[in-house]
Amino acid sequence: MKHSTLTAALLCLLLGTVARAEQYQVVTEEWAPYNYQESERLTGMATDIVRAIMALTGDDFEIVLLPSMRAAHALQTRPRTIMYSLFRTAEREPLYKWVGPIVEESIHPYQLADAAQPVNSLEQLLRAPQITTRHAGLVPAMLQSLGFGNLDTSAAESQQLYLMLLAGRTDIIIGDTDAGVAYYSRQLNIAPGTLRRIPIELYRSSLYIAFSRDSDDERVAAWSRALEQLRHSGELERIRRRYGQPVGQ
């Protein structure tokens, strides 16, 4: 091989290695209706928003669906990592660079509509025999911080919450936003009027896209500009409405 050809080949290999090293990875978790897998395809309201942002910025980053704890670990430890959708809490604020909000959401408890003892106050909720939530994540941590000592954290995924409630294995569930409850009700063919939203807003916040701290400020700014462009053009609202979610005010 001629020296010039060898040099060019080595240069291409080096540039390819550098490009791969600088490539960002996008991670997310299973959390419908924002990010979830359906028919072996990653979809959801936030997934569509992220893809629309990348279409505007010219990025073509791989999106990887991971278990919740692994996705959070990747964001904390892997260079140039982007994760969606996250609630932007005071504890998380200094850990990442943020793009958003993409939607504002709240979390309420739910029980069966024909429950013998309807719950209407925080005091009643705190005294309930059992409240079932997922085994890890923001929701159980939030409930524990509020003083709930009646938590059952045996559910590994959201669907289990509804199946346990319908089977009489628990009286109250807390785990999803109202949009999430509507999604799982459709997925599990739960008839309208079966579930009752307890009128206690336990948490309200906005969902964001989070970048690891080593991410380039210009790239974060480019994603923020793209999101605003989607907002002003009406595309953000159209995406939200596809999933039955009106724009939060």
Side-chain angles (χ1 to χ4, degrees), residues 28-38 43-46 67-69 85-89 101-207 240-249:
T28 191
E29 60 180 312
E30 183 84 16
W31 191 36
Y34 311 102
N35 14 275
Y36 62 98
Q37 191 162 310
E38 187 173 74
T43 186
M45 182 196 309
S68 178
M69 300 304 289
S85 320
L86 267 71
F87 282 118
R88 187 174 181 174
T89 65
I102 55 178
V103 67
E104 184 179 67
E105 288 290 14
S106 59
I107 292 175
H108 293 82
Y110 279 79
Q111 64 180 163
L112 293 177
D114 61 359
Q117 296 181 327
V119 173
N120 292 297
S121 69
L122 182 59
E123 290 72 25
Q124 288 177 307
L125 198 62
L126 287 164
R127 293 197 306 267
Q130 176 180 298
I131 295 173
T132 300
T133 186
R134 287 188 296 269
H135 74 287
L138 174 68
V139 174
M142 176 265 295
L143 294 172
Q144 289 165 1
S145 73
L146 292 175
F148 283 87
N150 51 354
L151 298 180
D152 162 35
T153 57
S154 62
E157 58 184 13
S158 287
Q159 282 199 7
Q160 286 182 257
L161 296 176
Y162 305 91
L163 295 175
M164 290 175 69
L165 183 63
L166 294 170
R169 293 171 54 197
T170 190
D171 295 324
I172 298 170
I173 59 172
I174 305 174
D176 292 304
T177 64
D178 296 336
V181 174
Y183 169 82
Y184 283 109
S185 294
R186 291 192 299 270
Q187 291 295 108
L188 297 171
N189 294 315
I190 300 174
T194 302
L195 304 182
R196 173 181 180 260
R197 187 177 81 170
I198 296 173
I200 303 167
E201 185 178 80
L202 291 168
Y203 189 79
R204 174 175 286 273
S205 186
S206 295
L207 294 176
R240 289 171 176 169
R241 292 193 183 281
R242 280 207 299 269
Y243 294 88
Q245 180 68 15
V247 178
Q249 298 296 330

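The figures that follow rest on heavy atoms only: side chains count, while hydrogens, waters and symmetry mates do not.
With E105 contributing its side chain and D176 its backbone, the two residues share no donor-acceptor pair below 3.5 Å. Without hydrogens or angle criteria, T132 side chain to L161 main chain gives no donor-acceptor distance under 3.5 Å. Panel note: side chain Q124, backbone N120; a donor-acceptor pair is recorded below 3.5 Å. Although no hydrogens or angles enter the test, the distance criterion places a donor-acceptor pair under 3.5 Å between the side chain of E30 and the main chain of Q37.
Side chains of L146 and Y203 form no contact here, defined as non-hydrogen atoms less than 4.5 Å apart. In this structure the side chain of L112 reaches within 4.5 angstrom of the side chain of L166, judged on heavy atoms. Under the 4.5 Å side-chain criterion, counting only non-hydrogen atoms from C-beta, Y184 is not in contact with I190. Counting heavy atoms from C-beta on, the side chains of R197 and V181 never come closer than 4.5 Å. Looking at heavy atoms from C-beta onward, Y110 lies in side-chain contact with D178 at the 4.5 angstrom threshold.
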Trace of the side chain to side chain contact (heavy atoms under 4.5 Å, CB included) decision for Y243 with T43
CA-CA 11 Å; Y243 294 88; T43 186; 3.1 Å; yes
Where do L125 and L202 land on the side chain to side chain contact (heavy atoms under 4.5 Å, CB included) test, with the steps shown first?
CA-CA 11 Å; L125 198 62; L202 291 168; 4.2 Å; yes
The test is side chain to side chain contact (heavy atoms under 4.5 Å, CB included); show your working for L195 and L165 and say whether it passes.
CA-CA 9 Å; L195 304 182; L165 183 63; 3.8 Å; yes
Going through the checks in order, is the side chain to side chain contact (heavy atoms under 4.5 Å, CB included) test met by N35 and E29?
CA-CA 7 Å; N35 14 275; E29 60 180 312; 4.0 Å; yes
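Across every non-hydrogen atom of Q111 and V119, the tightest pair is OE1-N, 3.0 Å. Scanning both residues, P109 and I200, for their nearest heavy atoms gives CD-O, 3.1 Å. Shortest non-hydrogen contact noted between E104 and R204 is OE1-NH1, 3.0 Å. Nearest heavy-atom pair across S85 and Y34 is OG-CB, 3.8 Å. Residues Q160 and S154 share a closest heavy-atom pair of NE2-O, 4.2 Å. Among all heavy-atom pairs drawn from I198 and H108, the shortest one is O-CD2, 3.6 Å.
Donor-acceptor pairing under 3.5 Å is recorded for the side chains of S158 and R134.
Atom-to-atom distance recorded for D152:CG and I174:CD1 is 11.5 Å, nearest 0.5 angstrom. Rounding to the nearest 0.5 angstrom, the gap separating the CD1 atom in I172 from the CG atom in L151 is 11.0 Å. Going from atom CE of M164 over to atom CG of D171 covers 10.5 Å, rounded to the nearest 0.5 Å. Taken to the nearest 0.5 Å, the CD atom of Q144 stands 7.0 Å off from the OG1 atom of T153. For the atom pair OH of Y162 and CD of E157, the computed distance is 11.5 Å after rounding to the nearest 0.5 Å.
Using cut-offs of 30° and 60° for the angle between ring planes, the F87 and W31 rings count as perpendicular.
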